[in-house]
Protein chains: 2
Amino acid sequence: MSVTIKDVARIAGVSPSTVSRVLSNHPKISPATVRKVREAMVELGYHPNIMAKSLVSKSTQTIGLVLPRSVEEFLNPFFSEVMRGIFAFANQAQYDVLMSAANSRQEELEAMNRMILGRRVDGIIMMAPRKKDPVIEQLLQHDFPFVLLGRSLEHEDLLCVNNDNIKAAFDATNHLISLGHKRIGFVSGSPDMVVTEDRLEGYRQALVGASLPYRKDWIIGEEMLQAGGFHALSLMLTQPERPTAFVVIDDVIAFGFIRQLYEAGFKVPDDVSIVSFNNIMLTELSNPPISTVDIGIYHLGYMTAQLLIRKISGEPIVQNQLVLPHRLVVRGSSLHPRT
Amino acid sequence: MSVTIKDVARIAGVSPSTVSRVLSNHPKISPATVRKVREAMVELGYHPNIMAKSLVSKSTQTIGLVLPRSVEEFLNPFFSEVMRGIFAFANQAQYDVLMSAANSRQEELEAMNRMILGRRVDGIIMMAPRKKDPVIEQLLQHDFPFVLLGRSLEHEDLLCVNNDNIKAAFDATNHLISLGHKRIGFVSGSPDMVVTEDRLEGYRQALVGASLPYRKDWIIGEEMLQAGGFHALSLMLTQPERPTAFVVIDDVIAFGFIRQLYEAGFKVPDDVSIVSFNNIMLTELSNPPISTVDIGIYHLGYMTAQLLIRKISGEPIVQNQLVLPHRLVVRGSSLHPRT
DNA sequence: TTATCCAAAGAAAACGTTTGCAAAATGCTT
DNA sequence: AAGCATTTTGCAAACGTTTTCTTTGGATAA
């Protein structure tokens, strides 16, 4: 049926072992033989069977990507951009990426077990870790190579690539403060994600540092952004003591929030200033363009893949926890408060 | 090292073949044996080695996804949504998805060859086909199962899942016409993609049908949307005979275009109406919300995966070319022209 | 010339499954 | 109780590689 190493061996007049050695650039093989074998490979259009190869070598040249569970997360362009970075490095290192989706926690663990225990991948990249994450426990239990994109609260010493989200939120909040805002709210995301906690903490630190009020009722949760929460939001904004600016956990949430503000009769940046995080492509094209903290998403993905592949191939790892820099990008959505 | 079928056999007191048969739900095996084997599997925490399995069975339970080449395409949320649909079906059918990125045409073909000839996948989903697409030729040449998401101009009979993009553009244009617009432009995308051609054609048909002018100089190409094309765009819009509305090839392009209009001093929808395609999530949150043709992206991905997996498993295929319905979603970006 | 060494190539086992065929066990007739 | 049909199970080959161990053969040194 399909051309194997044996066919190549036959045509080149050598043994299968020799062909295999040519394939893996074995040093002790004569140039003449290499040429013969190479020619035969081209002539027959040979391509190695990766299944057979990894059966014996126990390496699949593949990394696994555990997909975010929720639709919102998955559809966030953040995710695409991170993937782009991951693919860029993986491709360059001749690795492929295996993905497997899940609709529930249960399915998620199953999919991961298929990957790990079925030996389909050499390592795993895990995105957006939760505060208590069973996936991490599973991975640790199997002693399987993996890298976190983000950080774990429970295990400080895992391989991970992350931003300093506390500092990022600190900077974002200070940007609003330096514009003259005194009453600054926070729009939150999924409460069980580590990144949510970190950014909230940075926001808090900045407020405390500037002796400004940190008020629980100015922290807008997910429920308030749904259709049902619209009333509560309007109510809050019509108080005389309403916030004049918000730090928003994420660009996509910012899009939705700006829209809601607009429908409640508040203009950005005239009535309310906004600064968010991630700097996805569309923030620049939005109306108004959104001020946001660029966390280098692509680079984040790239470095994560790099770290994982280093780990897999047993290269020495200089630094287990990588913290990449961020950069505030000021655009039209943040302005000094109206006097 | 890791637990194999032999270990299970030993513990259960049967032969490896029997274990294998239990694994694949072979009919002729006694309930008692099945129970014994199942227990042993649980006890040892057995998971089949997929590499070994697919080496002999020649099926990988994996489908390949050929990624779009350009950054813009990859980052388009359209892509995420389509992936979500693909994953949904694949997951349900117990298939995994292997992706492999490429930076150039050359790399793209290489990556695909690794997938096909390395027998890593059972079939391939190919997105966004070009007018003349070497990838399709390659796939055909190897007689490898694949499904197009979109359609091929050169091969009418391939398996594919698509919208009626001509009709979709026809509807979008007619929407603007019915609002009273007489001068309608078109904002195009990559000229070598089939979808671009189809939507342009639908736009043309609607104009001709309504006896409105179809003018080449009102068709805005990619180059005009870049920074350098800004001047040309402004120039065109300050003509007395300027278009009062545009059909835009794609939501993301629409975002950028609206931004450019805004910077040139034109408001949407007051000065210019916009209708685009895809209905990605953010169009609803945009300011103004964008009128767009919903083509059911998720469903598109879902059906594509379904068709491919049907093909792979040799199930009868009732219809080789699936055309899914679309639906115009009118939002704030399209309004009657100012009088 | 012969013994020694080293580079280069080959033989064969192994990786963890599936599966066709043969053997064993079971149940049914007589 | 033996013979036969049928169900259930086991044996062994195969899938396409890699890799350890051996063998081959030519070059070098004595």
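Just so we're on the same page: letters track the sequence lines, and every chain starts at 1. Just so it is clear, the values below take in all heavy atoms, side chains as well, and ignore hydrogens, waters and symmetry mates.
Using a 4.0 Å cut-off between a side-chain N of Lys or Arg and a carboxylate O of Asp or Glu, R35(A) and E39(A) qualify as a salt bridge.
Place A32(A) and S24(B) on DNA chain C by their nearest nucleotides, and A32(A) ends up nearer the 5' end. Checking S15(B) against A52(B), the closest nucleotide of DNA chain D that is more toward the 5' end is the one next to S15(B). Nearest-nucleotide positions on DNA chain D for V14(B) and S57(B) put V14(B) closer to the 5' end.
One can place CG of L23(A) at 15 Å from P of dG16(D), the figure rounded to the nearest angstrom. Regarding N25(B), its CG atom lies at a distance of 16 Å from the C1' atom of dT8(D), rounded to whole Å. Between the P atom of dG16(D) and the NZ atom of K53(A) lies a distance of 16 Å, rounded to the nearest Å. Distance N49(B) CG to dA14(C) C1': 13 Å, rounded to the nearest Å. Counting to the nearest Å, the P atom of dT19(C) and the CD1 atom of I29(B) are 13 Å from each other. Between the C1' atom of dT17(C) and the CZ atom of R119(B) lies a distance of 18 Å, rounded to the nearest Å. With rounding to whole Å, R21(A) atom CZ is found 9 Å from dA9(C) atom P. Going from atom CG of D7(A) over to atom C1' of dC15(D) covers 13 Å, rounded to whole Å.
In this structure, the side chain of D122(B) does not engage the main chain of I312(B) through any donor-acceptor pair within 3.5 Å. R38(A) places no side-chain N or O within 3.5 Å of a backbone atom of K36(A) that could act as its donor or acceptor partner.
Side-chain nitrogen and oxygen atoms of T4(A) include none within less than 4.0 Å of the OP1 or OP2 phosphate oxygen of dG16(D). Regarding contacts with the backbone of dG16(C), a side-chain N or O of K58(A) is found under 4.0 angstrom from either OP1 or OP2. Look at T18(A) and you'll find a side-chain N or O under 4.0 angstrom from OP1 or OP2 of dG10(C).
Heavy atoms of K28(A) sit under 4.0 angstrom from primed sugar atoms or phosphate atoms, though from no base atom. Across all strands shown, S20(B) has heavy atoms under 4.0 Å from base atoms, whether or not it also approaches the sugar-phosphate.
Side-chain atoms of S17(B) and S20(B) form no donor-acceptor pair, as typed in the model, at a separation below 3.5 Å.
For a distance-only test at 3.5 Å, the side chain of S17(B) qualifies as a donor-acceptor partner of the base of dC11(D).
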Problem - Full working for side chain to side chain donor-acceptor pair (under 3.5 Å) between T62(A) and D96(A) - result: CA-CA 5 Å; T62(A) 305; D96(A) 286 329; 5.3 Å; no

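Picking from dG16(D), dT9(D), dT17(C) the nucleotide with the shortest atom distance to the side chain of T33(B) gives dT9(D).
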